[in-house]
Protein chains: 4
Amino acid sequence: MNRVRLGMVGGGEGAFIGAVHRIAARLDDRYELVAGALSSDARRAASSAAAIGLARSYDDYREMARIEAGRSDGVEAVAIVTPNHLHAPIATAFLEAGIHVICDKPLAVSLAEGEALAKLAREKDRVFAVTYTYTGYPLVRHARGMVRRGLLGDIRVVQVEYAQDWLSLPVEAQSNRQAVWRTDPALAGPAGCLGDIGTHAYQLAEYVTGMRPAALSADVTTFVPNRRVDDHVQAMFRYAGGARGMLWASQVAAGEENALRLRVYGTKAGIAFDQQRPNELWFTPIGGASERITRGRVQSPEALHATRVPAGHPEGYLEAFAQVYTDAAACIASGTTQGDDWLTTVEDGVAGLRFVEAVLRSSGGDGEWVALA
Amino acid sequence: MNRVRLGMVGGGEGAFIGAVHRIAARLDDRYELVAGALSSDARRAASSAAAIGLARSYDDYREMARIEAGRSDGVEAVAIVTPNHLHAPIATAFLEAGIHVICDKPLAVSLAEGEALAKLAREKDRVFAVTYTYTGYPLVRHARGMVRRGLLGDIRVVQVEYAQDWLSLPVEAQSNRQAVWRTDPALAGPAGCLGDIGTHAYQLAEYVTGMRPAALSADVTTFVPNRRVDDHVQAMFRYAGGARGMLWASQVAAGEENALRLRVYGTKAGIAFDQQRPNELWFTPIGGASERITRGRVQSPEALHATRVPAGHPEGYLEAFAQVYTDAAACIASGTTQGDDWLTTVEDGVAGLRFVEAVLRSSGGDGEWVALA
Amino acid sequence: MNRVRLGMVGGGEGAFIGAVHRIAARLDDRYELVAGALSSDARRAASSAAAIGLARSYDDYREMARIEAGRSDGVEAVAIVTPNHLHAPIATAFLEAGIHVICDKPLAVSLAEGEALAKLAREKDRVFAVTYTYTGYPLVRHARGMVRRGLLGDIRVVQVEYAQDWLSLPVEAQSNRQAVWRTDPALAGPAGCLGDIGTHAYQLAEYVTGMRPAALSADVTTFVPNRRVDDHVQAMFRYAGGARGMLWASQVAAGEENALRLRVYGTKAGIAFDQQRPNELWFTPIGGASERITRGRVQSPEALHATRVPAGHPEGYLEAFAQVYTDAAACIASGTTQGDDWLTTVEDGVAGLRFVEAVLRSSGGDGEWVALA
Amino acid sequence: MNRVRLGMVGGGEGAFIGAVHRIAARLDDRYELVAGALSSDARRAASSAAAIGLARSYDDYREMARIEAGRSDGVEAVAIVTPNHLHAPIATAFLEAGIHVICDKPLAVSLAEGEALAKLAREKDRVFAVTYTYTGYPLVRHARGMVRRGLLGDIRVVQVEYAQDWLSLPVEAQSNRQAVWRTDPALAGPAGCLGDIGTHAYQLAEYVTGMRPAALSADVTTFVPNRRVDDHVQAMFRYAGGARGMLWASQVAAGEENALRLRVYGTKAGIAFDQQRPNELWFTPIGGASERITRGRVQSPEALHATRVPAGHPEGYLEAFAQVYTDAAACIASGTTQGDDWLTTVEDGVAGLRFVEAVLRSSGGDGEWVALA
């Protein structure tokens with residue numbers, strides 16, 4: 001098995017999405033992270049690289065692109081996890097160097113910038129992935145397959161929303177690091193909530209339905225005083241064939257966590273998906289009972305393509321499993337051989353066996369009470 | 001950062017849990033898999049090792065233990081992912097060689113075997129983790145913390161259940177590989193459903209409540225004709241302080257996927273957890289409103305210890321993210337530079353920017369309809 | 001206790017909403033139905049009146065208004081349950097006769113008609129209730145109370161929707177009686193889905209928030225070919241204080257039953273209500289855990305005002321209870337003294353007592369198995 | 001239509017279940033309440049009767065039975081809503097008088113008493129209904145129908161539970177009226193939680209499955225100090241054909257409201273019902289997707305038999321509707337002609353029409369913003 005040699009720009013210590021990208025690259029063991037310009041600050045770039053055991057560290061992405069392109073063991077692909085305004089120049093540098101790009105969304109801070117990137121990627125014949133994460137869920141893919149197979153009939157209505165509450169208060173003024181750059185037009189671009197999560201909602205609707213609106217009517221608002229970008233977006237859609245849609249995205253929807261929800265209604269049936277419960281997809285024919293389709297049980301090729309664990313083992317099961325491993329690693333590293341408070345050890349294994357024997361004994365004794373001691 | 005050098009016994013091609021263990025070990029980047037006896041069949045061991053790019057491959061776990069123990073870069077820990085009857089001999093071999101053990105559950109096929117392992121682990125002063133996966137969920141840990149902090153008061157009632165339906169039919173006769181060994185007493189031990197999932201339920205209840213039943217009364221059943229082990233277990237518990245409990249585990253509960261559910265009721269409040277929705281934990285005081293505690297929002301140290309992504313990003317978000325990366329790797333490997341049907345590419349990124357600009361234009365124009373082209 | 005003497009116009013045999021109005025009037029025993037013009041067809045009026053044991057039957061509502069107004073025991077109030085186009089003339093006739101009016105919604109087929117009714121009601125000093133049913137839920141009233149008490153802070157965002165699928169197909173062409181008049185502009189007025197359910201959604205949002213939009217932008221659609229009124233409505237709202245809102249109502253939302261849902265987000269917290277689960281209301285402060293407020297547990301005066309049964313006894317408990325009574329009445333009427341298949345009889349009561357005694361005996365015998373015979 | 005002439009014993013002012021029985025009798029208009037012995041205290045009997053406008057009031061149920069039996073317009077049936085210890089003597093008196101009986105559960109305080117009642121009812125050939133309320137739900141009846149039609153296959157596992165928390169604290173010592181008699185063996189009989197709600201759970205399981213356990217093993221507990229009856233019950237069941245079951249009932253399950261839940265698993269499929277959400281029933285075939293069957297959509301004869309309102313109009317819709325009527329009655333009675341804070345009036349109707357016109361105007365103007373004034 002050959003792993004793709006991966007580089008990363010951005011994602012130094014304290015960054016959120018960089019660590020997520022690294023886990024994502026590691027999970028299926030298809031990448032090997034070998035180089036990075038994790039920060040433009042030389043010292044921070046070096047210490048961040050050391051912390052994750054990175055082989056080659058740079059503090060200038062242009063130099064990184066140039067040098068890596070010249071090495072026989074140089075990176076084949078680069079992951080770009082910086083604030084939005086740097087996506088385009090970095091992607092350009094690596095495309096020019098003939099390196100594939102995996103870029104966080106939104107692609108760029110303007111349409112013109114984005115179109116130039118698309119053109120360059122075609123010219124250079126490089127893979128250019130944009131991490132619209134929510135398309136990676138097995139049931140999102142299954143939903144798309146259902147639409148394609150005509151199970152919904154012709155689509156009439158699309159309702160998509162993405163609601164969060166973490167910008168309900170002026171947290172950027174309290175130097176919440178995620179909020180600061182996302183509300184600074186110089187770093188995030190002119191669109192705030194619209195670019196950050198509105199684009200996710202828009203893309204998800206298109207990914208599943210295969211339909212792009214022909215026209216829209218929108219109302220964009222900024223609720224929090226002194227905020228420099230929008231924090232609430234409403235729009236109505238008209239599709240070519242007569243379908244209608246609505247989208248709203250808000251980062252001031254008090255109480256909502258990360259509520260990306262899609263509902264699609266056709267001439268035969270409707271579906272509903274909430275990424276906060278990604279293991280279930282609802283399907284209801286006109287006048288019929290709702291079916292709760294679950295990841296793992298559903299056997300469509302598109303769902304299986306993205307499924308790692310069986311039915312009822314929710315996505316997240318792998319993380320719980322990883323936690324046990326990680327706790328064990330901590331005990332190993334620290335010499336805590338009898339386990340710490342987290343780790344389930346051989347003693348817990350023995351307790352389970354004691355339970356098994358007691359159950360068999362009680363059941364064999366017609367339900368007599370058996371002491372477990 | 002130093003990674004733990006890990007070996008694996010079992011988990012060759014076609015095995016389920018071996019691959020899960022490898023993902024779990026990789027996710028947090030705390031392990032490096034360097035050696036394995038993935039099968040006792042030499043040819044299969046070799047091809048399985050090659051498929052995952054393993055450095056050193058063995059077909060005899062005893063030899064592996066001996067040789068690895070003698071190398072300066074030998075494995076520090078071994079993951080045991082074989083059928084149950086081999087857990088004890090393999091673990092013994094590696095403990096004797098001074099190597100830490102991470103073992104799947106149930107620990108062994110008899111209480112005596114298990115107690116011997118526990119004794120040996122203490123003598124050899126080695127970490128011996130048993131992968132009770134469900135203890136790795138942040139909200140399971142938070143639940144345990146709530147009990148410890150007295151938020152439930154004194155515990156009166158424990159209800160735990162683990163229901164599946166995958167053995168409702170005699171699938172072992174149709175050579176379902178997972179079913180065959182789990183229903184063969186020679187490989188699985190004398191307990192079927194009881195050992196396979198009953199022990200999980202039992203352990204989860206104890207992990208959260210900190211209480212072990214003093215006595216139990218049980219009724220064990222085999223529903224499927226010709227099955228050689230139990231497939232349904234019922235038990236009632238009495239705890240030392242007067243608390244009561246019930247446990248049922250079934251692999252013939254038609255319609256259930258992997259329904260491990262725990263409810264604990266105290267003198268002040270009750271909690272409920274369903275591992276099929278691991279991102280939420282319910283807490284209700286006597287006479288009060290239920291609170292839906294979510295992973296990511298809850299800030300207890302025990303939950304944060306096991307949390308990787310923010311609120312509303314369900315466990316599983318990382319897998320969706322990984323899927324995008326994996327799809328990109330496939331395109332890179334195959335030279336499908338303009339993306340395949342799965343991958344969201346720069347063109348999708350451009351579509352998002354086109355949406356952003358249209359929204360801003362419409363909203364600026366008092367909601368005028370703007371074509372999206 | 002004095003009951004209000006009630007008359008009814010419309011609601012003859014085969015009508016849906018008339019029977020609902022009668023149950024509603026009966027439930028709390030505050031009305032006595034004494035007269036009606038249940039149909040404009042004389043024969044049908046008479047047979048419908050006989051079927052429900054009505055004292056005085058008319059076939060002309062004008063005559064009914066005149067005669068009843070002249071009797072000392074005449075109706076004090078009239079319930080109007082006809083198709084929309086008759087609401088205004090009937091209400092006018094009864095108001096002119098000095099009789100209170102309870103009218104189904106929408107009030108009338110035009111704004112001018114409605115305003116005239118409002119003016120007349122004020123002049124005649126009569127109660128004029130419009131049955132916006134959904135305002136009668138205890139938790140809708142509690143939600144309104146929460147807004148008033150400032151628990152949400154200042155309201156920023158209102159999302160309301162009302163989705164059904166029963167008009168997804170051209171059922172009016174198959175002489176679905178409910179569909180025929182609702183899609184005939186001569187009977188229903190110019191608004192289809194908009195008048196039928198859009199008004200409910202609009203009113204619910206206002207009832208809870210206390211806010212009426214200052215302006216709206218709308219897109220009204222008819223999806224089903226040859227339908228003469230709209231079947232899908234989308235609108236965006238702007239409120240005076242800067243708040244924003246969206247409303248959609250659809251009768252072609254495949255799979256939806258009667259999904260009237262309201263979400264309100266303020267500067268402190270958000271709430272969510274789905275009338276399909278009217279016993280629960282969700283409340284979430286910014287960044288906090290969601291609270292499931294349940295009818296019966298919540299002790300606000302506005303909720304208690306409309307609550308009949310304790311917590312956990314869902315609305316509907318009364319109907320289940322009524323069903324037992326009704327089944328008993330059927331047995332009594334038919335002389336089926338040993339009960340039919342539905343009714344739970346004294347034999348079922350005995351079975352319960354047998355269970356009680358067996359449980360006490362087993363528990364007294366340390367869990368010995370006791371035969372139930 | 002002839003209504004059954006009904007009498008009532010018990011249910012005077014301050015009683016809970018008496019009022020519920022009266023609403024239940026009224027809802028479908030099949031009964032006319034004409035006489036009662038609402039209290040054994042003469043003064044309270046009279047004032048209670050006056051409060052509900054009862055024609056004939058007694059303070060001695062024996063006298064009532066005797067006199068009513070002698071009148072040509074005497075009661076045909078009696079509803080018994082007293083504490084448990086009086087059920088048997090009262091039922092006996094009315095049966096002896098040839099009057100049908102509708103009795104609250106549990107039927108009596110001992111099995112012997114109950115068997116005598118059953119015998120007497122047969123001898124006297126009278127209808128004797130026991131109000132096991134939960135059998136009245138349309139979806140409980142549909143569930144029974146599904147079992148009968150073989151949709152579950154042969155039943156293997158029955159799990160039933162009934163959990164409340166209202167007796168978690170010693171509320172009987174604080175003179176909670178409902179608690180006082182329910183925890184007094186002289187009034188409630190020897191079984192506390194067991195008789196009060198355990199019998200409901202037991203009966204529901206039998207009603208749906210058609211199976212009665214052959215044997216049980218139980219453990220009964222009293223958690224609250226000084227309580228004189230049990231407040232927690234656990235039992236395991238064995239059925240004749242080899243099926244297994246568990247039942248638990250608790251009134252100290254902190255956080256639970258009125259959680260009567262039934263799950264039944266067969267050789268083909270499983271079902272789940274929670275009376276707290278009585279409008280939905282879950283059906284899942286082995287290995288398949290869960291179907292959410294909803295009252296109103298499901299068209300089985302047994303469900304239709306007990307259904308009053310269409311799909312999506314939850315049970316409870318009728319109560320919301322009744323609330324509007326009741327609020328209108330209050331306004332009529334008090335002369336509050338312009339409506340109070342609760343009632344939706346003609347002005348609200350006008351607001352709806354204003355909304356309709358604004359929507360039509362905006363949509364006609366290509367979504368132009370229209371002021372609502």
Side-chain angles (χ1 to χ4, degrees), chain A residues 1 4 24-28 30 53 100 107 111 114 118 121 125 127-133 136-137 191 199 202 213 215 217-218 220 257-258 278 306 311-312 315-316 319-326 328-329 331-332 337 344 346 349-350 352-353 355-357 359 362-363 367 369 371-372, chain B residues 1 4 24-28 30 53 100 107 111 114 118 121 125 127-133 136-137 191 199 202 213 215 217-218 220 257-258 278 306 311-312 315-316 319-326 328-329 331-332 337 344 346 349-350 352-353 355-357 359 362-363 367 369 371-372:
Chain A
M1 191 192 54
V4 173
R26 205 153 56 222
L27 198 116
D28 288 332
R30 298 290 302 266
H100 302 292
L107 174 59
L111 178 55
D125 197 23
V127 171
F128 194 125
V130 176
T131 50
Y132 281 118
T133 314
Y137 284 119
T199 50
Y202 178 76
S217 165
V220 170
E257 299 192 349
N258 197 45
E315 297 175 305
E319 288 167 64
F321 220 116
Q323 190 60 38
V324 177
Y325 262 82
T326 296
C331 288
I332 291 169
T337 51
T344 47
V346 70
V350 169
L353 296 171
F355 164 69
V356 166
E357 298 220 343
V359 166
S362 173
S363 188
W369 286 92
L372 267 164
Chain B
M1 191 191 56
V4 172
R26 205 153 54 224
L27 198 113
D28 288 331
R30 298 289 302 265
H100 302 291
L107 174 59
L111 178 55
D125 196 23
V127 171
F128 195 125
V130 177
T131 50
Y132 281 118
T133 314
Y137 284 118
T199 50
Y202 178 75
S217 165
V220 170
E257 299 191 350
N258 197 45
E315 298 174 304
E319 288 168 63
F321 220 116
Q323 191 59 39
V324 177
Y325 262 82
T326 297
C331 287
I332 291 169
T337 52
T344 47
V346 69
V350 169
L353 297 172
F355 164 69
V356 166
E357 298 220 343
V359 166
S362 173
S363 187
W369 286 90
L372 267 166

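Note on naming: letters A, B, ... go to the chains in the order of the sequence lines (proteins, then strands), and numbering restarts at 1 for each one.
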Exercise for the section: Over all heavy atoms of both residues, which pair between Y202(A) and L372(B) is shortest? Give the atoms and the distance, please. Expected result: OH-CD1, 3.8 Å

Practice task
Return the minimal non-hydrogen interatomic distance between T337(A) and H100(B), and the atom names on each side.
Solution key: CG2-CE1, 4.3 Å

Handout entry: Region of V220(A) that comes under 4.5 Å of a non-hydrogen atom in chain B
Key = both

Completion exercise
From the list A191(A), C331(A), A215(A), the residue making the most non-hydrogen contacts under 4.5 Å with chain B is A215(A)

Practice task
Give a yes or no on whether the backbone of T326(A) and the side-chain of R30(B) come within a donor-acceptor separation of less than 3.5 Å.
Solution key: no

Fill in the blank from the handout: For G114(B) and L353(A) the tightest heavy-atom approach is CA-CD1, 3.7 Å

Handout entry: Side chains of L111(B) and V356(A) in contact at under 4.5 Å (non-hydrogen atoms)
Key = no

Completion exercise
Between G367(B) and S217(A), the two heavy atoms sitting closest are O-OG, 2.5 Å

Practice task
Look at T131(A), V4(A), V127(A) and state which one has the largest set of heavy-atom pairs under 4.5 Å with chain B.
Solution key: V127(A)

Fill in the blank from the handout: Heaviest contributor of heavy-atom pairs below 4.5 Å to chain A, chosen from S363(B), A121(B), A25(B), is S363(B)

